[in-house]
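Just below is one structure, and these are the notes that go with it.
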Amino acid sequence: MTLTATNDRNTVSDVQPTPGTGAAGLVAREVCAWFSGRLVLEGVTLAMPRSTVTALIGPSGCGKSTFLRILNRMHELVPGAQLAGSVELDGTDIYAGRLRATDTRRNIGMVFQKPNPFPAMSIYDNVLSGLKFSRISVSDRDALVEVSLTKAGLWNEVKNRMRELGGALSGGQQQRLCIARALAVEPRVLLMDEPCSALDPTSTARIEQTIADIADEVTVVIVTHNMQQAQRVSDVCAFFLAAENEPGRIIEAGPTDVIFGSPTDERTSDYVHGRFG
Amino acid sequence: MAIATETVGPGRAPLTPATIRNDRRKGDRVFRGFARGTGYATLVLLFLIGLFLFIEGWPAIHVAGWHFFTTSGFQTIGKTKHFGVEASLYGTVVVALVALAVGTPVAIATALFLTEYAPRRLRPFMIAVVDLAAAIPSVIYGLWAIYELQPNVVGISGWMSRHLSWIPIFKVATPQVNASLFIAGLVVGIMIVPIIASVTREVFSLTPPGEKEGALALGATRSAMIRRVVLPFGRGGMISAVMLGMGRALGETIAVVIILSESFFISPHILQSGGTTVAQLIAVHFGQGGRLGTQALLFAGLVLFAVTLAINLAASAIVSRSRSGAGVDL
């Protein structure tokens, strides 16, 4: 299945100014963030390699979610939010002005902490909503819906209730619907902001399975408070920490087994072993 | 099993719900009594107004019969009695429809601007200004309309009558295009903008932020997000706001009296000079036409009262039925 932009306002080159499809790497350099003039994130540099799962861990309020939202230009939607630094999607700086914010967000999808399907749209329309927003037509809608829902591990549960409203699903199903919706626009990176924190263990396991399944075709960056989850799903791990009255910084980043097995910084060791936070 | 059958088996007396005694304190009872009393008093007052209009106005119907609804004019003195609300009802509806056609898009755009686009620092000020516009007395609107709006709009009316005359309602039989139902509707339309805008603004601002972010995160532009998330969510609220505005438009009196030159001729050409509405009929002719005239106007008032009440009840029914999306817990 291929996405074909037939609307003349969205030619293929417009939709994806960065050439290429499939998973892309993200590199953040010296990223800082402010809310209403208060510095909350300072000098974050992190590479999130193509086709890997990167976990952002750390206690609440250390700027993980802010950092995540900077990666697809959602941060600037918050009133009073400012930022500095650069974020490169396969070498193209998403803040340099060549890419529109809407194109950036289509290339770098996002799943939120609280499932947010469109409650008044059917399951089917929810999956296709991203294409409708961008007026992209697709050669075979039914196939795209099936593929997206299958990737998100939801197809078997909903294949006979496509016309039911998205809001009628359980919380775990809603979250997987949101993942399917995000995958339907074929993003190159998928950001997940504590996607399982509102879900039961069974749903959590299904979503972790989904992450493992999709990591080949889409780079995943996930914020999580669950150490076991970070250990289970991620290849790379970055530990954020904010000292009292100071902005959040990355304390340590590297392969997950190193961060959990033999971290160099004592604070990382304390955190991943549950000694604080 | 045996125990269960013994306790609630079919042989036993039917279970009855227990009565829970509520030991309310005196202050609580007094307050509840006061609230209940005033609440009912409002309803009783509403009913009594309707009843008063009916009883006082009925003699006019006794004279005119059903022709009251199919006659246009106000001839209540002399040998030939000729009075009724047909043209006035028609004019009332036309003015309200023109007002809605003009006011609704402006009001909804205003509400969207205030909730989605206005700079955050200026927003409270702008909201206050829009709400304040609702507090301007209608006589001021009327005066402004006749000295300022009408001289500037007759040109547009004339242009429409020349170039859009293939649309039947824009055709004119006489070249005079001032003092028309259209211009009356226009000023009433401006008057209802703040009402519709403030109700729809409230509803738009209730749109779940998660849904808006979800749309934006999928690459939606702000306008696409508004069309697919904010407007569908606010649909019920928009309908009720429009109906509230319509209730106001139907009853608007003084601005219409100032603008409209009275004519009991029912014409589909809304740009043409002359017309009448029920409220205008009552305001202009009150105290004329003797006893029968008063009775006829009171019954005309009852008709207007009933129409407005029906519109408002329908509006509240739509609001309470559900705002799209609001019934779903997320």
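Below, chains carry the letters A, B, ... as their sequence lines are ordered, and counting in each starts from 1.
- The distance from the CG atom of A:N72 to the CG atom of B:L216 is 10.0 Å, given to the nearest 0.5 Å.
- Contact annotation for A:R69: only side-chain heavy atoms (C-beta onward) come within less than 4.5 Å of a heavy atom of chain B.
- In this structure, A:M121 and B:P232 have side chains that are not in contact, with every pair of non-hydrogen atoms separated by 4.5 Å or more.
- When all heavy atoms are compared, the tightest approach of B:G219 to A:S134 is O-OG, 3.8 Å.
- By a heavy-atom distance cut of under 4.5 Å, B:R120 are the residues of residues 116-127 of chain B near chain A, going up by number.
- Across all non-hydrogen atoms, the minimal contact from A:F118 to B:E211 is CE2-O, 3.4 Å.
- Once rounded to the nearest 0.5 Å, the distance linking OG1 of B:T221 with CZ of A:R135 reads 7.5 Å.
- Listed by first and then second residue, the salt bridge (charged side-chain N to carboxylate O under 4.0 Å, His left out) pairs that reach into residues 106-115 of chain B come to none, sequence neighbours excluded.
- Here the straight-line distance linking atom CZ of A:F133 with atom CE of B:M225 works out to 9.0 Å at 0.5 Å rounding.
- For the pair B:R222/A:L77, a side-chain contact is recorded, criterion being any heavy-atom separation below 4.5 Å from C-beta on.
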